[in-house]
Amino acid sequence: MRLSRFFLPLLKENPADAEIVSHRLMLRAGMIRQHASGIYNWLPLGYRVLRRIEQIVREEQDAAGAQEILMPTIQSAELWRESGRYEDYGKEMLRIKDRHDRDMLYGPTHEEVVTDVFRKNIHSYRDLPKILYQIHWKFRDEVRPRFGVMRGREFLMKDAYSFDLDMEAARRSYNRMFVAYLRTFRRMGLTAIPMAADSGPIGGDMSHEFIILADTGESAVFCHKALLEKPTPESVNYEGDLQPVVDEWTSLYAATDEKHTENHGVAPEDLISARGIEVGHIFNFGLKYSRPMDAVVQTVSDGTIPVQMGSYGIGVSRLVGAIIEASHDDAGIIWPDSVAPFHVGLINLKAGDVETDRVCAEIDARLSAAGVDVLYDDTQERPGAKFATMDLIGLPWQLIVGPRGLEKGVVELKRRATGERYEVSMETAIDRLIAPSSGS
RNA sequence: CGGGGUGUAGCUCAGCCAGGUAGAGCGCCAGCUUUGGGAGCUGGAUGCCGGAGGUUCGAAUCCUCUCGCCCCGACCA
């Protein structure tokens, strides 16, 4: 993609409306623009990141045995009356009437809908277990949206729902999601720590929030420092017993400030006290919806029983902000390779110069042909402005091509995260950017 | 939902107290110069001063109402 053609409205100054760093950087880097309070337009650069995050979530959900579906954004109030939540949910639910004066709503969550899908189509224990998920826009009419996409009213969320015959099976589904979450966040370059959360009326110990540590996090969190070093499980067999993995992660102390107690038994030097951002939440809620909504299956013996259910959320759009909170410096964003909107920013220091133009065009063509996402700055800006732009938008690699280097037969490869620079030949630079080890 | 603040050019903001032809910097357009860390000079375009009423000879400025947005607290992926 040539920068001269790319829709990338940058801001040099900090917008007055943005308080926290991720919000400021997302506006300055031309990723989003606000439409209304807590509601955003996603511009090309931001949307690319959103899609990459979404894809990682999707791949890990699929790997864990969940199946993707898509449910409606607009729901009928009927189902919510069945579950009893229509009256309970309060003003956060956006209520709408259609032309026939029927009560509708813009879905803040989908337990009712998915339970309805289940009960109408699955009737036998033989069809269990099932985990269904979607990646979908939701709307919660927050009293006070803030922090840009971290706390918007409209947000993209992955929500999964599990259906099991009994508690033992429900725990296995829960564990699948637990492990999938560890892997999902790790792939985005984040250290997400599962912390015990309020389990609600049922569910026992089966409720965890996944929290990433960031100075600007919304809540105070505490955890054993060993959790930060714990390696994420590789090559998981989701059909096997995942309980040991879950136990390993939950045996160490970790709690948000609401659940934090003094008698945690962690030595003071091992206790980390920090700020955290909730990026995921998993919990089992037993029969809460299956019983009132009559989602039952036939058992081995005669008779039917309601299914055990759980739900598993990931704040996909929130993650865009959360990753920036966890990965930036004074100059701008530092994208982890796995979610970066482009892999490399190719900087032509002297657009219009025959030789730099030729070399840049060749690099752009060869990298693109190899499947590497390139943002080629072919504009007439001065070098300083180009460097500042690339640093701001945070692409993992910058490939700098100028007349001065070309005279020596070199181009410059710069790693955004570390600032390391390498003067190498064009061939070497291309090879390194194509190599799998460089990220992609 | 309580408390506070704010709306003036694309962005950041001044002007309002004390009414009298709407401003600056950045950005944008044109030209010349410049070209390895957000360049310089010259010229130019851009505003229903959030909206509606009112007071006044005259309102960005004073009054009333209204809408939007932001921040702090109580709630949430």
Side-chain angles (χ1 to χ4, degrees), chain A residues 9-20 23-24 27-28 30 33-39 53 57 89-93 107-110 133-160 181 185 192 197-198 208-212 218-219 256 258 276-283 311-322 330-332 347-353 356 377 379-392 398 400-408 410-412 414 419 421 423:
Chain A
L10 300 174
L11 300 176
K12 213 177 230 183
E13 292 174 87
N14 277 325
D17 285 354
E19 193 70 11
I20 66 166
H23 191 193
R24 285 203 303 261
L27 288 165
R28 287 194 51 208
R33 285 294 181 266
Q34 180 164 307
H35 169 81
S37 181
I39 302 175
I53 292 172
V57 171
Y89 212 88
K91 296 183 111 174
E92 293 205 341
M93 183 153 75
T109 180
H110 283 73
Y133 77 97
Q134 65 173 348
I135 297 171
H136 205 200
W137 292 96
K138 297 203 175 345
F139 191 88
R140 291 182 193 167
D141 200 357
E142 297 268 350
V143 196
R144 182 152 99 82
R146 61 183 118 168
F147 303 150
V149 299
M150 299 259 289
R151 179 90 178 269
R153 291 193 290 173
E154 188 181 56
F155 54 95
L156 189 63
M157 181 178 174
K158 186 282 299 182
D159 48 320
Y181 276 36
F185 297 126
D198 270 331
H208 288 89
E209 291 178 2
F210 286 74
I211 306 268
I212 67 166
E218 278 198 83
S219 52
T256 58
E258 302 104 43
I277 301 169
E278 183 185 352
V279 291
H281 192 173
I282 63 177
F283 60 104
S311 85
Y312 314 88
I314 288 178
V316 176
S317 48
R318 168 179 284 188
L319 273 166
V320 181
D330 289 345
I347 299 179
N348 184 340
L349 283 181
K350 193 168 183 179
D353 177 270
T356 59
D377 186 347
T379 66
Q380 300 290 331
E381 287 299 313
R382 297 167 59 85
K386 295 192 173 196
F387 294 137
T389 294
M390 280 301 172
D391 286 349
L392 173 64
Q398 293 172 18
I400 301 156
V401 177
R404 191 183 294 177
L406 290 184
E407 276 179 27
K408 295 188 290 178
V410 297
V411 296
E412 188 177 316
K414 178 184 158 188
R421 297 150 178 275
E423 287 206 335

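Letters A, B, ... are given to chains in the order of the sequence lines, protein chains preceding strands, and every chain is numbered from 1.
- The nearest whole Å value for the distance from the CD atom in E218(A) to the C1' atom in rC72(B) is 13 Å.
- Of the side-chain N and O atoms in R144(A), one or more sit less than 4.0 angstrom from OP1 or OP2 of rC72(B).
- Using a 4.5 Å cut-off on side-chain heavy atoms (C-beta onward), Q134(A) and K158(A) make no contact.
- Side chain R28(A) to base rG27(B): no donor-acceptor pair is found below 3.5 Å.
- The side chain of D17(A) approaches rC69(B) more closely than any other nucleotide in the set rG38(B), rC69(B), rC13(B).
- Between K12(A) and rG38(B), a side-chain N or O to OP1/OP2 separation shorter than 4.0 Å is absent.
- Base engagement by G405(A) is indicated by at least one non-hydrogen atom pair under 4.0 Å involving a base atom.
- A salt bridge between K408(A) and E423(A) is present, with a side-chain N of the basic residue lying under 4.0 Å from a carboxylate O of the acidic one.
- No engagement by V316(A) is indicated, since no non-hydrogen atom pair under 4.0 Å with the nucleic acid exists.
- Nearest nucleotide to the I400(A) side chain, out of rG36(B), rA74(B), rC76(B): rG36(B).
- For the pair L27(A) CG and rU12(B) P, the computed distance is 10 Å after rounding to whole Å.
- Searching all strands for a Watson-Crick or G-U wobble partner of rA45(B) with both distances below 3.5 Å returns nothing.
- Pair check for rG19(B) finds none; no Watson-Crick or G-U wobble contact set falls under 3.5 Å.
- Contact annotation: S317(A) does not reach the phosphate of rA77(B) (side-chain N/O to OP1 or OP2, under 4.0 Å).
- When Watson-Crick and G-U wobble pairs are counted only if both distances are under 3.5 Å, rU64(B) pairs with rA52(B).
- Look at D391(A) and K414(A) and you find a salt bridge, because one of the NZ, NE, NH1 or NH2 atoms lies within 4.0 Å of a carboxylate O, short of that distance.
- If you check every strand for non-hydrogen atoms under 4.0 Å, G352(A) touches nothing.
- Across all strands, D159(A) comes closer than 4.0 Å to no nucleic acid atom at all (heavy-atom distances).
- A salt bridge links E142(A) and R151(A); the closest N-O separation between the charged side-chain nitrogens and carboxylate oxygens is under 4.0 Å.
- Note that CD of Q398(A) is 10.0 Å distant from OG1 of T389(A), once rounded to the nearest 0.5 Å.
- Centre separation under 5.5 Å together with a plane angle under 30° holds for the ring of F155(A) and the six-membered base ring of rA77(B), marking them as stacked.
- Rounded to whole angstrom, the span from the CG atom of D141(A) across to the C1' atom of rC1(B) amounts to 13 Å.
- Across all strands shown, A18(A) has no heavy atoms under 4.0 Å from either base or sugar-phosphate atoms.
- Of all nucleotides present, only rG73(B) satisfies the Watson-Crick or G-U wobble test against rC1(B), with each distance under 3.5 Å.
- Ring centroids of F210(A) and H208(A) are separated by 6.0 Å or more, keeping the two rings apart.
- Contact of R146(A) with rG73(B) (side chain to base): no donor-acceptor pair of N or O atoms is detected under 3.5 Å.
- Among the atoms of the strands shown, base atoms are found under 4.0 Å from some heavy atom of G402(A).
- The partner of rA24(B), taking Watson-Crick or G-U wobble pairs whose two distances both stay under 3.5 Å, is rU12(B).
- Atom-to-atom, CG of L10(A) to P of rU12(B) comes out at 15 Å; the value is rounded to the nearest Å.
- In terms of polar N and O atoms assigned as donor or acceptor, the side chain of E412(A) comes within less than 3.5 Å of the base of rG36(B) in a complementary pairing.
- Rounded to an integer number of Å, the gap from CD of Q398(A) to P of rG36(B) is 16 Å.
- Within the nucleic acid shown, P403(A) has no heavy atom closer than 4.0 Å to any nucleic acid atom.
- The base of rG25(B) sits within donor-acceptor range of the side chain of E13(A), with an N or O pair under 3.5 Å.
- For rA39(B), the OP1/OP2 oxygens have a side-chain nitrogen or oxygen of R382(A) closer than 4.0 Å.
- Here Q380(A) does not reach the OP1 or OP2 of rU35(B): none of its side-chain N or O atoms lies under 4.0 Å away.
- Counting heavy atoms from C-beta outward, M157(A) and R318(A) have side chains that stay 4.5 Å or more apart.
- Base pairing of rU34(B): no nucleotide in any strand meets the Watson-Crick or G-U wobble criterion (both distances under 3.5 Å).
- Phosphate contact (OP1/OP2 of rA77(B), side-chain N/O of R318(A), threshold under 4.0 Å): absent.
- Rounding to whole angstrom units, CZ of residue F147(A) and C1' of rC76(B) are separated by 12 Å.
- Considering only side-chain N and O atoms, K91(A) lies under 4.0 angstrom from the phosphate OP1 or OP2 of rC1(B).
- Among the protein residues, T109(A) comes within range of no part of the nucleic acid, since none of its heavy atoms lies under 4.0 Å from any strand.
- Using cut-offs of 30° and 60° for the angle between ring planes, the H281(A) and F283(A) rings count as tilted.
- In this structure, R33(A) reaches neither bases nor backbone, as no heavy-atom distance under 4.0 Å exists between it and the strands shown.
- The separation between F387(A) atom CZ and rG37(B) atom C1' is 6 Å, rounded to whole Å.
- Between the CD atom of E278(A) and the P atom of rA77(B) there is a distance of 5 Å, given to the nearest Å.
- For A16(A), taking side-chain heavy atoms from C-beta onward, the closest of the listed nucleotides rA77(B), rC1(B), rU12(B) is rU12(B).
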